[in-house]
Amino acid sequence: QQQVKQSPQSLIVQKGGISIINCAYENTAFDYFPWYQQFPGKGPALLIAIRPDVSEKKEGRFTISFNKSAKQFSLHIMDSQPGDSATYFCAASPQGLFQGAQKLVFGQGTRLTINP
Amino acid sequence: GAGVSQTPSNKVTEKGKYVELRCDPISGHTALYWYRQSLGQGPEFLIYFQGTGAADDSGLPNDRFFAVRPEGSVSTLKIQRTERGDSAVYLCASSPELATEQFFGPGTRLTVL
């Protein structure tokens, strides 16, 4: 059962543009939503994460927007650079406030290409 | 500092053989996770250890898959009677106690011929 749907599968953006990747989830028990970046031959690396008590979180050029009622969240990459070219995964996890990390459910991934 | 390491980086085996994949987590991390990533897909959860015990093994696809973490540090994923469908990248991640971020290793690419 696919619990996190990610779109688009691939995305091409010009240097300096805004890259937007979207995810939707079904399980209302999810309460931790990270985004991971993966380069070929490497493991995923955490970019930014959000909990549903806020609607937006920004770290540098990366912003997560979260819509709890719609069960959707998105990643925005401002001023996209060629070095941002990678595969991006959204994920979700059920997680209590005083518990550690639990299993992550990943989306299918978006291959992002930033053209110079 | 050292990150999560996985060995071997690549493993080629024949259908029906037994394989072991090893994960060395970041020192001091109490939680350890195994995921499987098929080509063009997101990682898929297999099993999660908190210390030496398996806290959640609901992702193991069948009884050919087994994982251990006997001393609460290094973990081994064991696959018996390998099938071609087992071919994938097997990722390991670790996390400090009560922390949220999972730190991933580079993975082991398993190819079953």
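The chains referred to below are lettered A, B, ... by the order of the sequence lines, with proteins before strands, and numbering in each begins at 1. Small disclaimer: the values here were computed from a predicted structure and weren't measured.
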Quick check on the hydrophobic clustering: are [X] and [Y] connected, directly or via other members, by side-chain heavy-atom contacts under 4.5 Å?
X	Y	result
A:Val13	A:Trp35	yes
B:Phe65	B:Leu21	yes
B:Leu91	B:Leu77	no
A:Tyr25	A:Tyr88	yes
A:Ile50	A:Phe30	yes

(message) Are B:Gln102 and A:Pro44 packed together at the side-chain level, in the sense that at least one heavy-atom pair is separated by less than 4.5 angstrom?
(response)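 No, every pair of side-chain atoms sits at 4.5 Å or beyond.
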
Heavy-atom proximity to chain A below 4.5 Å, by part of [X]:
X	value
B:Tyr35	side chain
B:Ser9	neither
B:Gln37	side chain

(request) Look at atom CZ of A:Phe66 and say whether more than 12 heavy atoms of other residues, nucleotides or ligands are closer to it than 6.0 Å. (result)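 Counting other residues, nucleotides and ligands, CZ of A:Phe66 exceeds 12 neighbours.
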
(request) Flag yes if more than 12 heavy atoms outside B:Glu71 fall under 6.0 Å of its CD atom; otherwise flag no. (result)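 No, the 6.0 Å shell around CD holds no more than 12 heavy atoms from other groups.
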
(message) So for A:Pro34, is it side chain, backbone, both, or neither that comes closer than 4.5 Å to the heavy atoms of chain B?
(response)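 Neither part, no heavy atoms under 4.5 Å.
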
(message) Counting only non-hydrogen atoms closer than 4.5 Å, does A:Gln9 touch chain B with its backbone (N, CA, C, O), its side chain (CB onward), both, or neither?
(response)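 Interface part for A:Gln9: neither.
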
(request) Assess the pair B:Phe104 and A:Tyr36: is the distance between their ring centroids shorter than 6.0 Å? (result)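 Yes, the ring centres sit under 6.0 Å apart.
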
(request) To the nearest 0.5 angstrom, please state how far the OG atom of B:Ser38 sits from the CD atom of A:Gln108. (result)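 Nearest 0.5 Å value for the OG-CD distance: 13.0 Å.
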
(message) For a quick test of reading the model, state the closest non-hydrogen atom pair linking A:Lys103 to B:Tyr33 and the distance between them.
(response)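 Smallest heavy-atom distance, with atoms named: N-CE2, 4.4 Å.
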
